[in-house]
Each structure stands twice: as structure tokens, then as C-alpha cells.
Amino acid sequence: MVETLSIAVIGAPGVGKTSIIRQFIYNDFSEVYTPTRARYVYRPSVILNGNMYDLKILDVPPISSFPSSSSQEWLDLRCRGVRNANAYILVYDICCVESFEYVKMIRQQIVEHREGSSSEVPILVVGSKRDLQRQRFTPRRAVSVLVKKTWKCGYVECSAKFNWHVVLLFKELLGIAVARGMKQNHTPGIRLQGALQRNRCTIM
């Protein structure tokens, strides 16, 4: 049986959420910025380490806050499915400090408002537009240390424009999600996170 993983991709306007998703699935990048106005669902299948997974990737339009309850989630069409996602990709623009503050706020709200053990929900913080490295608002290491040590989240930087680390970030998230799923099911399994660089992730 193929496992389905729901991944919500959230970020401030213009950070490149849709570009990252489209580069991952279609190997496609557009220089034209089109704001995401409605929630869109992509359903690719991937193979990681010989196992097949169906992904349900939610491209979430900018939301003012993470839905604090199921009723709030269903009142706002943009938020449908966000609360029950198996994992989160929080995207910010490495050149825009406001977009990082937005990610900081959303991550805190996920921790506070998720039903069940929110600490076990995989969250990957992604710094996009790495090709604009010289315009970044703070050194990479400062953000990486904060995200990994304080927030206890994964951290990857990527460039959708040059398809740099785009597959890696989904591989990283999938690895964390699968490893945590194993923990919850008490099934012995290898730690995937450290081995991800070597492992193959194929999109079907």
C-alpha cells in the first residue's frame, strides 16, 4: 500500500513557494511573478530508498495566521487541510527579513495550535532565492543555528531559478517525516536524515 503524505507549503507573498513546487514537479521556472490567490493541490508520486509515496502538496496562499481551530480552518478556503498536514515547508526569502518574521510567527502558531503532539510534526524552514546570496539580510549560519537549535526544525536553502537544492529539500522533509512515522509506530528503522545526501529521490 502506498503511503500518502500531506505537505503544506506556507510563506509570505513573493517568497517563491509556487516556483519551488513547480521546479520540483515539472522542472519548470517562470520569471513572471503570479501571486497565489487560491489554495492549489499538487499530487506527485516519489520514490525514496525504494519506497513509493504519494505526496499531496498544498500550495497555500498567504494567510494572516495558522488556523487555531477546525472551524476556523473550514471557514477560510485558503486554509483547508492545513491543520492536518503531515509536514510543513515554511518558505522565506533570504533577502527579506519581513518574510522570515512571518515564518517565525507561523511556526510558533503551528506549535501552539496543532492538535496532538505538535512537537512531532516535521517542519522544514526553507530559505529561497539563494541565487541572490549577496543581498541576504543576515548570514546563513545565524539563521541555520536559530532554526535547528532553538526551533528544532530542519533548514535548507535553495534556488528555484537554478534548480539548486529543490529536490534535496523535499528529500530532507520526506526523510524526517518517514523517520518520525517510524518512531510513532515503534517500528525499528534506519535514521534517514543523515543518509539523505546519498539516497535517491525519484519523481514519477
For this session: Give a yes or no on whether the backbone of S6 and the side-chain of N86 come within a donor-acceptor separation of less than 3.5 Å.
Result: yes

For this session: Drop me the distance from F137's CZ to I94's CD1, to the nearest 0.5 angstrom.
Result: 8.5 Å

Seminar exercise, completed: Residues E73 and V82: closest non-hydrogen pair is OE2-N, 2.9 Å

Problem set entry | Heavy-atom side-chain contact between Y88 and I106 under 4.5 Å | no

Problem set entry | Under 3.5 Å donor-acceptor, R43 side chain and K56 backbone | no

Exercise. So if you build clusters from Ile, Leu, Val, Met, Phe, Trp, Tyr with side-chain heavy-atom gaps below 4.5 Å, do I63 and L90 land together?
Worked result: yes

Exercise. Mind checking whether K161 and E31 have side chains closer than 4.5 Å, heavy atoms only?
Worked result: yes

Problem set entry | Beyond-backbone contact of R140 with R130, side-chain heavy atoms, under 4.5 angstrom | yes

Exercise. Donor-acceptor pair, Q23 side chain versus A160 backbone, under 3.5 Å?
Worked result: yes

Exercise. Got a donor-acceptor contact below 3.5 angstrom from the R83 side chain to the P67 backbone?
Worked result: yes

Exercise. Any donor and acceptor pair, going by atom type alone, linking the side chain of S99 with main-chain N or O of D93 inside 3.5 Å?
Worked result: yes

Problem set entry | Atom pair CD (Q135) and CD (Q133), whose distance is rounded to the nearest 0.5 Å | 10.5 Å

Exercise. Are L58 and R39 close enough, and set up right, to give a side-chain contact (heavy atoms from CB on, under 4.5 Å), and what steps lead you there?
Worked result: CA-CA 7 Å; L58 307 176; R39 170 182 161 281; 3.8 Å; yes

Seminar exercise, completed: In this structure, CD1 of I110 is separated from CE of M105 (nearest 0.5 Å) by 10.0 Å

Problem set entry | Reported CG-to-SG distance for the pair L132 and C96, which is rounded to 0.5 angstrom | 12.0 Å

Exercise. Roughly how far apart are H113 NE2 and Q108 CD, rounded to 0.5 Å?
Worked result: 9.0 Å

Exercise. Are Y40 and L55 connected in a single hydrophobic cluster, I mean Ile/Leu/Val/Met/Phe/Trp/Tyr linked by side-chain heavy atoms less than 4.5 Å apart?
Worked result: yes

Exercise. Is there a side-chain contact between F170 and I20 (heavy atoms, below 4.5 Å)?
Worked result: yes

Problem set entry | Contact check, side chains of R22 and Y42, non-hydrogen atoms, under 4.5 Å | yes

Using distance only, find each side-chain donor-acceptor pair of residues 121-128 under 3.5 Å and give its atom names and separation, not counting sequence neighbours.
from, atom 1, to, atom 2, distance (Å)
S128, OG, V15, O, 2.4
S128, OG, Y92, O, 3.2

Exercise. Would you call T138 and V97 a side-chain contact if the rule is heavy atoms closer than 4.5 Å?
Worked result: no

Exercise. Given the rule that I, L, V, M, F, W and Y join up when any side-chain heavy atoms are under 4.5 Å apart, are F29 and V9 in one cluster?
Worked result: no

Problem set entry | Validation row: L173, I7 side chains within 4.5 angstrom (heavy atoms) | yes

Exercise. Are the aromatic ring centres of F100 and W151 under 6.0 angstrom apart?
Worked result: yes

Exercise. Side-chain heavy atoms under 4.5 angstrom apart, residues restricted to Ile, Leu, Val, Met, Phe, Trp, Tyr: same cluster for W164 and I25?
Worked result: no

Exercise. How close do R78 and P61 get, heavy atom to heavy atom, and via which atoms?
Worked result: CG-CG, 3.7 Å

Exercise. Would you say F24 and V46 make side-chain contact, with heavy atoms under 4.5 Å?
Worked result: yes

For this session: Is it possible for you to say whether V41 and V60 belong to one hydrophobic cluster, with membership spreading through side-chain heavy-atom contacts below 4.5 Å?
Result: yes

Seminar exercise, completed: Heavy atoms of S45 and M52 approach each other most closely as CB-CE, 3.7 Å

